[in-house]
Amino acid sequence: MWEADPSSVDESWDNFFRNFVGQAATSPGISGQTIQESMRLMLLVRAYQVNGHMKANLDPLGLEERKVPEDLNLELYGFTEADLDREFFLGVWNMSGFLSENRPVRTLRAILNRLEQAYCCSIGYEYMHIPDRTKCNWLRDKIETPTPRQYNKQRREVMLDRLIWSTHFENFLATKWAAAKRFGLEGGETLIPGMKEMFDRAADLGVESIVIGMPHRGRLNVLGNVVRKPLRQIFSEFTGGTKPVEEGGLYTGTGDVKYHLGTSYDRPTRGGKQLHLSLVANPSHLEAVDPVVVGKTRAKQYYSKDEDRTKNMAILLHGDGSFAGQGVVYETLHLSALPNYTTGGTIHIVVNNQVAFTTDPRSGRSSEYCTDVAKALNAPIFHVNGDDLEAVVHVCELAAEWRQTFHSDVVVDIVCYRRYGHNEIDEPSFTQPKMYKIIRNHPSALEIYQKKLLESGEASKETIDKINNKVLSILNEEFIASKEYVPRKRDWLAAYWAGFKSPEQLSRIRNTGVKPEILKNVGKAISTLPENFKPHRAVKKIYEQRAQMIETGEGIDWAVGEALAFATLLIEGNHVRLSGQDVERGTFSQRHSVVHDQETFEQYCPLDHVMMNQNEEMFTVSNSSLSEFGVLGFELGYSMENPNSLVLWEAQFGDFANGAQVIFDQFLSSGESKWLRQTGLVVLLPHGYDGQGPEHSSGRLERYLQMSDDNPFEIPEMDPTLRKQIQQCNWQVVNVTTPANYFHVLRRQIHRDFRKPLIVMSPKNLLRHKDCKSNLSEFDDVQGHPGFDKQGTRFKRLIKDQNLHSDREEGIRRLILCSGKVYYELDEERKKAKGEDIAICRVEQLCPFPYDLVQRELKRYPNAEIVWCQEEPMNMGAYSYIAPRLCTAMEALGRGNMDDIKYVGRAPSAATATGFYSVHVREQTQLVQKAVQPEPISAPYIAV
């Protein structure tokens, strides 16, 4: 059609065809090239770019039987053997690699050879799914170079040295501790030189700090050879005698197995730079550390003012089974481009054993590759044969270049094997006999590389022997030194944490009240919108009410109390970060921290304007992706970097936090004890029985209390000048009932010399409850004001009865202890029943238990029967935790035993709550009525 009439096609096609014909006319030997052949040749090149990886030699064991895609067949495009030595021109405007305009004329054979060499050798590239021409062109330029990668003699010696270190380290451990589990790297030893070369390249491109997360396989090798943890310390840990000597009350915790431990060191790079490396401690729950690493990296970027995100980088290592199988991988990947979560790209390295514990890939995933999940992020994926050292090094360097160029995720898939099964005392032949028959006779990557260097003359036997002997000599020296090694001081806390106290060191209790004039000033800032801003009329009214609260100093509600806590911490120089699902507005439309102009659609956050020229990230409030596991892990990692920050995660409803149970169990509740790492992370879990059914009632308070490590049968030192009760507990659990007390518990997180996680059962209906209000005077530090007591203004662990009782009230017949919003219902019922002889005390801090304040109330009411009242079912809520501790407090005063604690609440239940609103109302009414009934509670419990 074009040949007959060029004007019959679009101008772009006219130019396209003229390009080919013009070239054909001036290039000898290709005058016979038709347009159809040119088009077909372009399709062939594209087929290699898209599917060449399917033909690549990726499996070092040769087990993989993959069908070569049909579209890599020359005949499909109408070419035969006779065409192989014909010359063809390839060129398209604005394309790179083979299809760039400046490509010379080449024979079909040469084109095919280069395509095979680029796409079908030891590296399989997947990048054509990326919908970005610039990125694809950049990769094509790197992959389709006229000459393949070449390393000089010196570089090859460095690679050899690093591979020898990697190999001998494992062999040495296997020799000395034959029966020990160490999850060695045998079969994947090229990971170590690959990582080192990646780090060297990254440092050359501006990276100064790398945070690493990885599973247990190869961890000791990475610790010793990449992060540079002293070998004598690693060897000492194998002997098992590593618990540090108690040194000046130094806290040593419970410890963890050696292949879970983390560390951090500065190491020099090949290019003469210094690189700070942090390997984050993690549990056996594969991939759980991923979001923690990314969050820690984001925090590093904030504190080092790394706005381009080029100086701090995250590296995550994965197993093939877990990368494909664990949902948190996908959750973490999807944080990568979100404005308040991005770190400028993570490099993912998959150590692909081709088997997960005992499960074959065909049972472990539905996709061709374990890395296919990363395609959702348009990340390039580089598959590489783990036996080809230089190919591994090449893709590792390429990954570093990609990350620093495009600031997005990239995946390196090192296809290797496990020489000894899941661990060294496992027998893999039970389930993979064919694979392990091949492995037994398969040479190591070191043997393969040494042979290659010797055959090519790149290295002499003397050079190789010299490096081998040097490495073995150092390993032996370090082993001898390990016998005398005594860890005198634990790697307690990172740089920003200098001066913070361990659980054994006394930290004084500080006041958290704020000067009245500061409260007024920040109060105005948080309740004022710009003059021409047009918010939704309902939001406008809320802000007018807030301004009125600050002006009069009365009726401060929950949202204003929270905003005052944030604002006062900000002006003291602390970073505040709140994230979670819908936190900007608040699940219950209570927070409105980000206000939207209804006409211009602009956004305004009052807490960004508490101070002049405030850094816009100093206060961060961010709606998160619909993830619990990933986002809570991210915020945990963020909170661990610097203690001068209040980092909060809020669940949409407390019920949904169990989607992040691994983070609670493995990190938050036990991380300090296992790994000596503190965090002050605050977790807000909306909790309360309002008739919204079994998934919108309970924050599962009982779970956090059950994981608390305080002893229920011992009363610790409670003297305010000597008390270390919170420091020696693994976390704090509170169920707060006033805006002022919430303000103080948040500020308390920062105003002390240690950090401890805080679990808050946050309210729902109290957000707007007429009685759940505080006066501004309860927030300040003025003596004589309502919030001020003997010690000053601070968080009240227990709120005494509000009926102005004296220190001893013999006429009170019942003391009701409760926690949370049920207090307001009990108080209302007491007023109705005229129960002046009933006292109600609120236990605001459930864990650690406030023995001193509970005993104060027991002494105040010497004749009262003691009731624990809760709205949760008997097998849930705080009852199981409170009862033994309350009993201990009572026994110490001679006030009876467990039989004297009367329970009033719902009966035991499988579901947290009823789904029928009418049943809820009946149950709720009955339990508050029974708690204040005139007759004594004769049974040990009343369950409704």
Side-chain angles (χ1 to χ4, degrees), residues 702 705 708 710-720 722-723 725-726 729 733-735 737 789-790 796-820 822-823 826-827 829-830 833 835-870 872 874 877-905 927-928 930-943:
E702 64 280 353
L705 293 173
S708 303
D710 59 326
N711 190 329
F713 306 113
E714 280 181 21
I715 299 179
E717 176 61 68
M718 298 306 292
D719 183 312
L722 300 171
R723 190 163 68 225
Q725 189 191 19
I726 292 177
C729 193
V733 182
V734 300
N735 195 1
T737 58
D789 58 23
K790 279 183 286 188
K796 294 183 179 339
R797 293 170 292 137
L798 179 146
I799 299 179
K800 63 188 181 184
D801 188 278
Q802 297 299 286
N803 286 338
L804 301 175
H805 291 160
S806 66
D807 288 349
R808 189 171 173 87
E809 293 279 350
E810 297 191 1
I812 296 295
R813 66 180 175 86
R814 181 175 302 144
L815 168 59
I816 300 175
L817 293 166
C818 66
S819 187
V822 74
Y823 162 75
L826 287 167
D827 189 41
E829 190 63 34
R830 176 174 63 173
E836 282 96 14
D837 54 357
I838 295 173
I840 307 174
C841 294
R842 288 168 264 176
V843 183
E844 300 277 287
Q845 177 179 292
L846 297 158
C847 169
F849 189 69
Y851 289 99
D852 52 337
L853 302 181
V854 169
Q855 287 186 327
R856 182 190 74 190
E857 299 309 309
L858 292 171
K859 289 174 187 171
R860 193 194 304 274
Y861 309 113
N863 302 320
E865 64 174 336
I866 296 155
V867 170
W868 174 259
C869 180
Q870 66 177 37
E872 301 89 353
M874 193 179 191
Y879 176 62
S880 299
Y881 175 87
I882 292 289
R885 289 162 180 82
L886 179 54
C887 178
T888 298
M890 289 162 58
E891 286 175 344
L893 297 177
R895 280 292 298 275
N897 55 31
M898 191 69 92
D899 293 338
D900 297 298
I901 301 171
K902 306 296 168 53
Y903 168 85
V904 177
L927 75 90
V928 294
K930 289 189 174 180
V932 300
Q933 69 184 30
E935 58 273 19
I937 296 173
S938 53
Y941 60 88
I942 295 179

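Here the structure is a predicted model, which means the values were calculated and not measured. Index from 1, following the sequence.
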Testing the basics here: between [X] and [Y], what is the closest heavy-atom pair and its distance to 0.1 Å?
X	Y	result
Leu815	Glu857	CD2-O, 4.2 Å
Lys796	Glu844	O-CB, 3.4 Å
Ile838	Asp801	O-OD2, 4.1 Å
Glu809	Ser806	OE2-N, 2.8 Å
Cys869	Val822	O-CG1, 4.3 Å
Leu846	Ala878	CD2-CB, 4.0 Å

Checklist line | Arg842 NZ/CZ over Tyr823 ring centroid, <6.0 Å and within 45° of normal | finding: yes

[X] side, atom [atom1]; [Y] side, atom [atom2] - distance, nearest 0.5 Å:
X	Y	atom1	atom2	result
Tyr851	Arg797	OH	CZ	12.0 Å
Cys729	Asp710	SG	CG	4.5 Å
Asp900	Arg895	CG	CZ	9.0 Å
Arg830	Asn803	CZ	CG	4.5 Å
Gln802	Asp827	CD	CG	8.5 Å
Ser708	Tyr881	OG	OH	5.0 Å

Next item on the list: Could you label the plane-to-plane angle of the His805 and Tyr861 rings as parallel, tilted or perpendicular, counting under 30° as parallel and over 60° as perpendicular?
Entry: perpendicular

For a 4.5 angstrom cut-off between non-hydrogen side-chain atoms, does [X] reach [Y]?
X	Y	answer
Ser880	Leu705	no
Leu798	Arg856	yes
Arg885	Val854	no

Is it true that a side-chain atom of [X] and a backbone atom of [Y] form a donor plus acceptor pair closer than 3.5 Å?
X	Y	result
Tyr879	Tyr903	no
Gln725	Phe849	yes
Arg813	Pro936	no
Arg723	Met718	yes

Notebook entry, point to check: For atom CG of Asp719, is the number of surrounding heavy atoms from other residues, nucleotides or ligands below 6.0 Å larger than 12?
Noted result: yes

Checklist line | Qualifying residue, where the test is side chain to side chain contact (heavy atoms under 4.5 Å, CB included) with Arg860 and the options are Arg808, Lys800, Gln855 | finding: Lys800

